[in-house]
Amino acid sequence: MVLKKLQPLLEDAARPKVGQNLKYDINVLANYAVQLRGVRYDTMLESYVLDSTASRHDMDSLALKYLGYKTITYEEVAGKGKNQINFSEVPIEQAAAYAAEDADVTLRLHETLWPRLAENPALVTLFEDIEMPLVPILAEIERNGVRIAVDMLRAQSRELERRILDIEREAHAIGGQVFNISSPKQIQEVLYDKLNLPVLKKTPTGQASTAEDVLQELALDYPLPRLILEYRTLSKLKSTYTDKLPEMINPKTGRVHTSYHQAVAATGRLSSADPNLQNIPVRTAEGRRIRQAFIAAPGYKILSADYSQIELRIMAHLSGDAGLQQAFRGNQDVHRATAAEVFGVGLDQVTEEMRRNAKAINFGLIYGMSAFGLARQLKIERAAAQAYVDLYFARYPGVKDFMERTRALAHQQGYVETLFGRRLYLTEINASNQVRRQAAERAAINAPMQGTAADLIKRAMIAVSHWLATSGADAKMIMQVHDELVFEIAESAVDTVREAVRACMTGVAQLDVPLVVDTGVGDNWDQAH
DNA sequence: CATGTCACG
DNA sequence: ACGTACGTGACATGA
């Protein structure tokens, strides 16, 4: 058998491998009990590290872009849609040509991409020390999968179904007609044409918006918007989560296996798809019931470990602002500290409202805040929001300088960098269209924080994975959610692993402010929070 | 296949 | 006068 002949080569770490999207190959071979080792160069990741903003990093696109070569597509050999045949059914001559081209093009891409990457030592380090080591780790997390309490989700689906039907009946009664509440178009007709409610906002295409914040506003004066909001919340939970997750369980493993995409997000973050496990509800009690269905196997526990305020801490580090650094060094509640500074009161004089406003300001900072955006978020006058911004910058001058430096650098270079030299190109930073240019400026301010956070947790995953392998602890990493890592751990090993994970996560970098990690343990993901 | 909406960090 | 908070993925609708 061919695989038996190749196995020693594939498993020999001393023989370096070049490939395109090697995580895929690792997982395919793992299904045949072959451990692919020596994974050295992934051309998809070479392309991503060179320019994360490129629209695609698949082999066909890269071949066209870098080699001027049009590859044989998979559809050309296997067909598409319902007529598509299995690759094993493709005639051997065609299959051989396709497969050989694949190998040839990948190597040629590497020979083109690597010298470009090698021109920038920081990118080489990023590639060799972060992105490539992460590949087999992501593959393993995907294969580990997550255990799901199917019965619990099915029961939730049935309950949601009942409540949705009730709301539907009531909404139709108030609207005076039967209409599809899932259809923004039909909602518009009922709310704005039939019931003559005021149009508070329009969508980008000029339609009267029925988005959440608009309906919230209208709900103060009318009954129907409230019902539509409830309907939307419940049907979102049902269609996206309680109905869908049980369908996604792999019958062979009895678990749900997501795919982590390592070359999608422009900032360096991972993304998760099929299913997306990075947007499981948490903000409402209703939604958290779904997390209760993410469970550990018998005899095991779920551990969640997340970075506290990671992006603001990075901002404190990158900006060097003394006040912000002081707040983190004293391990203060940073929103409270901000409120005290901005509103000029003692820490113990900060009211709930002051803290809420300060929190919105802190979020705004991470997003490249404008007074307009802050005003909309806080539902206050733009002038009042501007006053907050001015006050903030007066109290944290280092942050203001950092923002201005970052903006200037982005204009001058056409890109910004994370702490580890990851680049984000901003093609519209010098656009003549003001709206686009300002959007690029906000992205320029956000990217170093979001991207550095991504670099840090990737390093943490590598450190944790190494610790797990060498310690032999009975524990598996099962999810990553941007600033959080989730594990399934044998009960007897929980305390040890918890502290090791914390040490790995806090120790990945020495910033000017401490990295803090909160952990929780439970029988399910909700309890672990 | 585009659009609007909404789930997460 | 303009019109936005940063980054993702998935769903239902309706052409």
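Reminder, nothing fancy here: chain letters follow the sequence lines and each chain counts from 1. Side chains included, hydrogens not; waters and symmetry mates left out as well; all remaining heavy atoms used.
Lys194(A) and Glu189(A) are not joined by a salt bridge, as no carboxylate oxygen comes within less than 4.0 angstrom of a charged side-chain nitrogen. A salt bridge links Glu488(A) with Arg255(A): at least one charged nitrogen is closer than 4.0 Å to a carboxylate oxygen. Checked for salt-bridge contact, Glu159(A) and Arg163(A) meet the test: a charged N lies under 4.0 Å from a carboxylate O. Checked for salt-bridge contact, Asp213(A) and Lys201(A) meet the test: a charged N lies under 4.0 Å from a carboxylate O. Under a 4.0 Å N-O distance rule, the pair Glu142(A)/Lys23(A) qualifies as a salt bridge. Looking at Arg154(A) and Asp243(A), no side-chain N of the basic residue comes within less than 4.0 Å of a carboxylate O on the acidic one, giving no salt bridge.
The nearest whole Å value for the distance from the CG atom in Asp526(A) to the C1' atom in dA7(B) is 16 Å. Whole-Å rounding puts the Tyr241(A) OH to dC6(B) C1' distance at 8 Å. Atom CG in Leu229(A) sits about 18 Å away from atom P in dG4(B), given to the nearest Å. In this structure, the CE atom of Met449(A) is 18 Å from the P atom of dG9(B), given to the nearest Å. Between Arg382(A) atom CZ and dA5(C) atom C1' there is a gap of 13 Å when expressed in whole angstrom units. The CD-P distance, from Gln386(A) to dA5(C), rounds to 18 Å in whole Å. For the pair Leu374(A) CG and dC6(C) P, the computed distance is 14 Å after rounding to whole Å. Whole-Å rounding puts the Glu441(A) CD to dT4(C) C1' distance at 12 Å.
Contacts of Arg436(A) with the nucleic acid, taken as non-hydrogen atoms under 4.0 Å apart, are absent. Contact annotation for Gly364(A): base contact, defined as any heavy-atom pair under 4.0 Å involving a base atom. Note on Ala266(A): only backbone sugar-phosphate atoms sit closer than 4.0 angstrom, heavy atoms only; bases stay farther off. Residue-level contact check: Ala385(A) touches neither bases nor backbone, having no heavy atom under 4.0 Å from any strand. Counting any heavy atom pair closer than 4.0 Å across all strands shown, Phe363(A) reaches no nucleic acid atom. Counting any heavy atom pair closer than 4.0 Å across all strands shown, Ser235(A) reaches no nucleic acid atom. Among the protein residues, Asn180(A) comes within range of the sugar-phosphate backbone only, with heavy atoms under 4.0 Å from sugar or phosphate atoms but none that close to a base. Using a 4.0 Å heavy-atom distance criterion, Glu311(A) is classed as making no nucleic acid contact.
Within residues 207-226 of chain A, the residues that place at least one heavy atom under 4.0 Å from DNA chain B are, in residue-number order, Gln207(A), Ser209(A), Thr210(A), Ala211(A), Glu212(A). Residues of residues 276-285 of chain A having a heavy atom closer than 4.0 Å to DNA chain B, listed by number: Gln278(A), Asn279(A), Ile280(A), Pro281(A), Val282(A), Arg283(A).
For the residue pair Asn430(A) and Arg437(A), no side-chain donor N or O sits within less than 3.5 Å of a side-chain acceptor on the partner. With 3.5 Å as the limit, one finds no donor-acceptor pair spanning the side chains of His482(A) and Glu311(A).
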- request: Carefully, step by step, assess Tyr396(A) and Tyr392(A) under the rule ring-ring contact (aromatic ring centres under 6.0 Å, His included).
  value: CA-CA 6 Å; Tyr396(A) 297 99; Tyr392(A) 182 92; 4.5 Å; yes
message: The test is salt bridge (charged side-chain N to carboxylate O under 4.0 Å, His left out); show your working for Asp51(A) and Arg423(A) and say whether it passes.
response: CA-CA 7 Å; Asp51(A) 182 7; Arg423(A) 280 188 187 183; over 6 Å; no
message: Set out, in order, the CA-CA distance, both residues' side-chain angles and the distance that settles salt bridge (charged side-chain N to carboxylate O under 4.0 Å, His left out) for Glu131(A) and Arg422(A), then state yes or no.
response: CA-CA 11 Å; Glu131(A) 300 299 352; Arg422(A) 182 191 301 279; 2.6 Å; yes
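Residue side chain Gln438(A) reaches the base of dG3(C) through a donor-acceptor N/O pair under 3.5 Å, judged by distance alone. Residue-to-nucleotide contacts include no donor-acceptor pair under 3.5 Å from the side chain of Lys236(A) to the base of dC11(C). Counting distance only, with no hydrogens placed and no angle test, the side-chain atoms of Arg269(A) and the base atoms of dT8(C) include no donor-acceptor pair under 3.5 Å.
Taking atom P on both nucleotides, dT5(B) is separated from dT4(C) by 14 Å, rounded to a whole Å. dC6(B) and dA5(C): their P atoms are spaced 14 Å apart (whole Å).
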message: Once pairs are restricted to Watson-Crick or G-U wobble with both distances under 3.5 Å, how does DNA chain C read as a dot-bracket string, [ ] for crossings and | for other-strand pairs?
response: .....|||||||||.
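Minimum atom distance to the side chain of Ala443(A) is reached by dG7(C), of the listed dG7(C), dG9(B), dA7(B). When distances run from any side-chain atom of His261(A) to the nucleotides dG9(C), dC6(B), dG7(C), the shortest one goes to dG9(C). The side chain of Tyr367(A) approaches dA5(C) more closely than any other nucleotide in the set dG3(C), dA5(C), dA10(C). Closest contact between the side chain of Gln434(A) and the listed nucleotides dT5(B), dA1(C), dG9(C) involves dA1(C). For Val264(A), counting side-chain heavy atoms from C-beta on, the closest listed nucleotide (dG4(B), dG9(C), dA5(C)) is dG9(C).
Phosphate proximity of dG9(C) to Ser271(A): present, with a side-chain N or O under 4.0 Å from OP1 or OP2. Considering only side-chain N and O atoms, Arg442(A) lies under 4.0 angstrom from the phosphate OP1 or OP2 of dC6(C). Side-chain nitrogen and oxygen atoms of Gln480(A) include none within less than 4.0 Å of the OP1 or OP2 phosphate oxygen of dG9(B). OP1 or OP2 of dA15(C) lies within a sub-4.0 Å distance of a side-chain N or O belonging to Lys185(A). Here Thr205(A) does not reach the OP1 or OP2 of dT3(B): none of its side-chain N or O atoms lies under 4.0 Å away.
Other residues, nucleotides and ligands contribute over 12 non-hydrogen atoms within 6.0 Å of the CD atom of Glu404(A). Counted within 6.0 Å of CZ on Arg56(A), heavy atoms from surrounding residues, nucleotides or ligands total 12 or fewer; the atom is thus considered open.
Remark: Arg382(A) fails to qualify as a cation-pi partner of Phe372(A) under the 6.0 Å distance and 45° angle criteria applied to the six-membered ring.
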